[in-house]
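So you know, we letter chains A, B, ... as the sequences are listed, proteins then strands, and number each from 1.
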Protein chains: 2
Amino acid sequence: MPAPATAPRSARLHETRCQTCSLSSLCLPLALELSDVDQFDAIIRRRAPLKKGETLFRQGEAFTSVFAVRSGSLKQLASEGNGEDQLTNFYLPSELVGLDAIDDELYPGTVTALETTTVCEIPFDRLDHLSEQLPELRTQLFRSMSKEMRDDRRMMRLLSRKTADERLASFLIGLSNRFRRRGYSAYSFRLSMSRADIGNYLGLAVETVSRILGRFQQQQLVSVAGREVNILDLSALESLAEGDGCL
Amino acid sequence: MPAPATAPRSARLHETRCQTCSLSSLCLPLALELSDVDQFDAIIRRRAPLKKGETLFRQGEAFTSVFAVRSGSLKQLASEGNGEDQLTNFYLPSELVGLDAIDDELYPGTVTALETTTVCEIPFDRLDHLSEQLPELRTQLFRSMSKEMRDDRRMMRLLSRKTADERLASFLIGLSNRFRRRGYSAYSFRLSMSRADIGNYLGLAVETVSRILGRFQQQQLVSVAGREVNILDLSALESLAEGDGCL
DNA sequence: CGGCAGATTGAATGTGGTCAATAGCCGTGG
DNA sequence: CCACGGCTATTGACCACATTCAATCTGCCG
């Protein structure tokens with residue numbers, strides 16, 4: 001049901017353009033000339049906001065689009081075989097969702113909103129085609145994918161070599177950095193995900209997450225109240241995250 | 001030092017072309033028309049074979065090229081901070097090395113040959129530029145990266161949820177599949193990596209790898225003699241790898 | 001105010017790591 | 001050809017970290 005020519009106020013909300021988006025310096029069009037942004041903007045489809053718990057797409061659905069997060073946050077869950085679900089990623093504003101579906105043209109996980117979340121839908125065939133004419137866009141796309149690969153490697157290192165304490169510390173540092181880059185406080189933020197999500201993501205039991213957050217609080221590294229986090233000693237947390245504990 | 005017009009025998013070895021490469025159906029030019037393969041072929045640089053233990057590039061070096069493995073195998077090691085090295089990947093023939101370096105234009109790990117190995121060097125700027133004219137090449141490149149991301153997610157699941165037994169089983173199954181796709185036996189192959197490499201990759205101690213391989217042998221799942229592996233009960237190994245142990 | 005999911009805390013268990021010793025493999029050189 | 005040295009692999013004993021199970025507590029929405 002496409003919006004009529006004279007859209008009502010509710011539809012206007014989704015008419016925002018890349019040119020006016022505060023994330024444009026982090027998002028795909030980051031390297032584009034103003035005239036090119038117009039072209040890019042033209043292929044974007046705005047979406048009605050997702051409410052908490054609503055899914056953007058489900059595992060196994062046909063891949064058609066990648067999505068740029070505009071506000072809010074999402075998680076990606078992959079259930080494989082009879083095993084439990086694995087939380088493979090959290091997505092924050094300006095990040096691209098769905099790049100891992102290009103190869104076999106099926107989304108490899110279910111992506112769900114952790115809070116009220118708005119995304120821009122970017123049909124991939126049009127993105128691909130546009131990337132032919134706009135080398136900067138193509139480069140940015142390659143970079144996004146490459147970066148995600150690098151982040152994955154970092155995650156593998158976390159999962160295979162780090163202790164539970166180091167994982168939690170890394171997780172908090174990672175969030176802090178991502179918030180900072182997006183213009184939010186690096187020291188004070190709200191976790192949009194549950195302890196269970198954190199545990200699932202980090203390969204830890206919920207109880208372990210809880211215990212360690214408690215311990216961090218005792219050690220004056222952070223103060224945690226429910227989902228509100230305050231980082232009290234960033235550098236200590238950083239050295240913990242890098243496994244400097246044995247120094 | 002480019003080869004003279006009439007190249008000596010030793011240089012001829014590296015003149016092989018994509019058109020005659022037995023891997024062409026798995027490698028990047030997979031989807032190209034014959035005429036387009038010529039263009040692709042023209043940007044490839046053949047390399048002298050790497051001997052066991054020689055490095056293709058080191059962590060932190062400037063990114064210039066991706067590499068397609070032609071024969072042999074490699075490992076990628078990333079050392080972060082003061083921590084130990086993390087083995088992030090093994091590369092087999094037809095696979096692309098270096099895609100994770102695009103974003104920050106530095107190789108994020110050191111890649112080393114596990115045995116005598118030949119690779120094709122593909123300067124990335126020329127690849128990128130060619131992908132503008134050849135949509136199929138671009139698609140294939142996107143797919144390769146997307147696939148690597150998917151594989152990384154699978155690896156994360158392995159590292160965060162699977163037991164040591166399941167990891168080893170998954171590892172053997174994965175190798176078996178990769179060998180099969182390349183036309184080698186899925187049941188009988190030689191590990192080009194040491195136990196230490198396997199352990200590092202799977203997030204296990206060497207001793208654990210050794211123990212579990214021994215146990216698998218007792219259980220008649222495989223027979224292992226040094227680096228020679230024979231898979232005796234593929235389906236049992238597969239169900240083990242998927243964590244069906246509790247069924 | 002009640003109900004329920006999410007979060008915390010405690011005690012017991014087990015998987016895999018560490019340390020240490022031994023055994024096997026392979027290339028080198030006598 | 002065999003002996004030696006170094007490295008890789010195997011095996012064993014012990015220990016620790018994180019999981020599991022279970023109970024309790026907190027906060028939130030109806």
Engineer: Under the side chain to side chain donor-acceptor pair (under 3.5 Å) test against B/Lys75, which residue among B/Thr88, B/Thr110, B/Asp197, B/Asn89 passes?
Structural biologist: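 The side chain to side chain donor-acceptor pair (under 3.5 Å) with B/Lys75 is passed solely by B/Asp197 among B/Thr88, B/Thr110, B/Asp197, B/Asn89.
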Engineer: Look at all strands and tell whether B/Ser210 reaches a base, only sugar-phosphate, or nothing, counting heavy atoms closer than 4.0 Å.
Structural biologist: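 Counting heavy atoms under 4.0 Å across all strands, the contact made by B/Ser210 includes a base.
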Engineer: Below 3.5 Å between N/O atoms, which protein atoms pair up with nucleotides 24-30 of chain D? Just atom names and distances, please.
Structural biologist:
none

Engineer: On a heavy-atom basis, which atom in A/Ser71 and which in A/Thr118 lie closest, and how many Å separate them?
Structural biologist: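 Minimum heavy-atom separation between A/Ser71 and A/Thr118: OG-OG1, 2.8 Å.
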Engineer: Restricting both atoms to N or O, compile the protein contacts to nucleotides 14-21 of chain D shorter than 3.5 Å, with distance only.
Structural biologist:
from: D/dA18; atom 1: OP1; to: A/Ala164; atom 2: N; distance (Å): 2.6
from: D/dT19; atom 1: OP1; to: A/Gly203; atom 2: O; distance (Å): 3.3
from: D/dT19; atom 1: OP1; to: A/Ala205; atom 2: N; distance (Å): 3.3
from: D/dT19; atom 1: OP2; to: A/Ala205; atom 2: N; distance (Å): 3.2
from: D/dT19; atom 1: OP2; to: A/Thr208; atom 2: OG1; distance (Å): 2.3
from: D/dT20; atom 1: O4; to: A/Arg211; atom 2: NH2; distance (Å): 2.9
from: D/dC21; atom 1: N4; to: A/Glu207; atom 2: OE2; distance (Å): 3.0

Engineer: Could you state the CD1-C1' distance from B/Ile198 to D/dA9, rounded to the nearest angstrom?
Structural biologist: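 After rounding, the reported distance stands at 11 Å.
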Engineer: Can you pull the contact range of chain A along DNA chain C, 5' to 3', using atoms under 4.0 angstrom from its heavy atoms?
Structural biologist: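 On DNA chain C, the outermost contacted nucleotides are C/dA7 to C/dA11.
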Engineer: What residue among A/Lys147, A/Arg153, A/Arg150 forms side chain to side chain donor-acceptor pair (under 3.5 Å) with B/Asp100?
Structural biologist: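 Exactly one candidate clears the test, A/Arg153.
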Engineer: Using 4.0 Å as the upper bound for N to carboxylate O, is an ion pair formed by A/Arg161 and B/Glu80?
Structural biologist: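 No salt bridge links B/Glu80 with A/Arg161.
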Engineer: Among A/Arg211, A/Gln219, A/Arg215, which residue meets the side chain to side chain donor-acceptor pair (under 3.5 Å) test with A/Asp165?
Structural biologist: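 Looking at A/Arg211, A/Gln219, A/Arg215, the match for A/Asp165 under the side chain to side chain donor-acceptor pair (under 3.5 Å) is A/Arg215.
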Engineer: For the residue pair B/Tyr107 and B/Phe57, does the interplanar ring angle fall in the parallel (under 30°), tilted (30 to 60°) or perpendicular (over 60°) class?
Structural biologist: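 Judged by the thresholds at 30° and 60°, the geometry between B/Tyr107 and B/Phe57 is parallel.
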Engineer: Determine the interplanar angle of the A/Phe179 and A/Tyr184 rings, folded into 0 to 90°, and report it as parallel if under 30°, tilted if 30 to 60°, perpendicular if over 60°.
Structural biologist: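 Aromatic pair A/Phe179/A/Tyr184 classed perpendicular.
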Engineer: In terms of side-chain heavy atoms, does A/Gln59 have a donor or acceptor partner in A/Ser79 at a distance below 3.5 Å?
Structural biologist: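 Yes - a donor-acceptor pair under 3.5 Å links their side chains.
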Engineer: Search all heavy atoms of B/Ala113 against all heavy atoms of B/Leu50 and return the closest pair with its distance.
Structural biologist: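 The answer is CB-CB, 4.0 Å.
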Engineer: Please report the closest heavy-atom contact between A/Arg182 and A/Ser94, naming both atoms and the distance.
Structural biologist: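 Smallest interatomic distance, heavy atoms only, reads NH2-OG, 3.2 Å.
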